[in-house]
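Data block below; observations after.
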Amino acid sequence: QVQLVESGGGLVQAGGSLRLSCAASGVTFSRHVISWFRQAPGREREFVGAISWSGGNTLDGDSVKGRFAISRDSAKNMVFLEMNSLKSEDTAVYYCAVRRSKTIATTPPLYEYWGQGTQVTVSS
């Protein structure tokens with residue numbers, strides 16, 4: 001059974017940094033894609049980034065390119081989202097999600113498992 005637990009959210013000033021963690025149990029990195037999404041109040045869930053099954057490829061959403069980066073520690077079954085140069089528009093609940101496929105996807109319905117989310121608030 002796949003379980004995802006996010007942590008690391010909080011309140012940060014604009015321009016600051018945060019590192020989110022996703023503890024993934026029941027996930028086989030060699031067969032799954034793990035991604036980060038975010039959802040702000042009144043908005044649709046938005047793709048932030050993904051890391052491929054091999055760990056060799058990452059894909060970042062257009063709104064975070066050059067500021068956010070995804071990495072993982074396979075030995076610890078952890079995936080991380082490093083967020084830099086944060087802006088007020090980055091304020092949202094951030095979710096990690098698992099897709100039972102080797103192909104990265106950017107749409108939420110293609111992911112079978114979701115964590116409970118962690119709140120990130122960026123003050124201007």
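When side chains are defined from C-beta on, V2 does not count as touching E112, because their heavy atoms never get closer than 4.5 Å. Y95 has its side chain out of reach of L4: every pair of non-hydrogen atoms, C-beta onward, lies at least 4.5 Å apart.
The minimum heavy-atom distance linking V33 with A50 is given by the pair CG1-CB, 4.2 Å. Across every non-hydrogen atom of W36 and C22, the tightest pair is CZ2-CB, 3.6 Å. Contact detail for L86 and L18: the closest heavy-atom pair is CD1-N, 3.9 Å.
Atom-to-atom distance recorded for Q119:CD and L11:CG is 9.5 Å, nearest 0.5 angstrom. Rounding to the nearest 0.5 Å places CD of E89 at 9.0 Å from CZ of R43. Expressed to the nearest 0.5 Å, how far CD of Q39 lies from CD of E44 amounts to 8.5 Å. Note that CZ of F68 and OH of Y94 are 4.0 Å apart. Values are rounded to the nearest 0.5 Å. A distance of 12.0 Å separates CZ in F80 from CD1 in I70, rounded to the nearest 0.5 Å. Here the straight-line distance linking atom OG of S17 with atom CE of M83 works out to 8.5 Å at 0.5 Å rounding.
Ring geometry, F37 versus F47: the interplanar angle exceeds 60°, so the pair is classed perpendicular (tilted spans 30 to 60°).
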Carefully, step by step, assess S63 and R38 under the rule side chain to side chain contact (heavy atoms under 4.5 Å, CB included).
CA-CA 11 Å; S63 61; R38 67 185 182 185; 3.2 Å; yes

Report the C-alpha separation of S7 and T118 in whole Å, then their side-chain angles, then the decisive distance to 0.1 Å, and conclude whether the side chain to side chain contact (heavy atoms under 4.5 Å, CB included) test is met.
CA-CA 6 Å; S7 61; T118 185; 5.7 Å; no

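S101 contributes a side-chain N or O that, together with a main-chain N or O of T103, makes up a donor-acceptor pair within less than 3.5 Å. Side-chain atoms of T121 do not come within 3.5 Å of backbone N or O of T91 as any donor-acceptor pair. A donor-acceptor pair under 3.5 Å links the side-chain atoms of Q116 to the main chain of E6, judged by distance alone. Side-chain N or O atoms of Y111 include one that pairs as donor or acceptor with a backbone N or O of A105 at under 3.5 Å. Under the 3.5 Å distance criterion, the side-chain polar atoms of R99 are matched with a main-chain donor or acceptor of L110. Not a single donor-acceptor pair under 3.5 Å links the side chain of E82 to the backbone N or O of R19. With D60 contributing its side chain and G49 its backbone, the two residues share no donor-acceptor pair below 3.5 Å.
Under 4.0 Å is where a charged nitrogen must lie from a carboxylate oxygen, and between K65 and D62 at least one such pair does.
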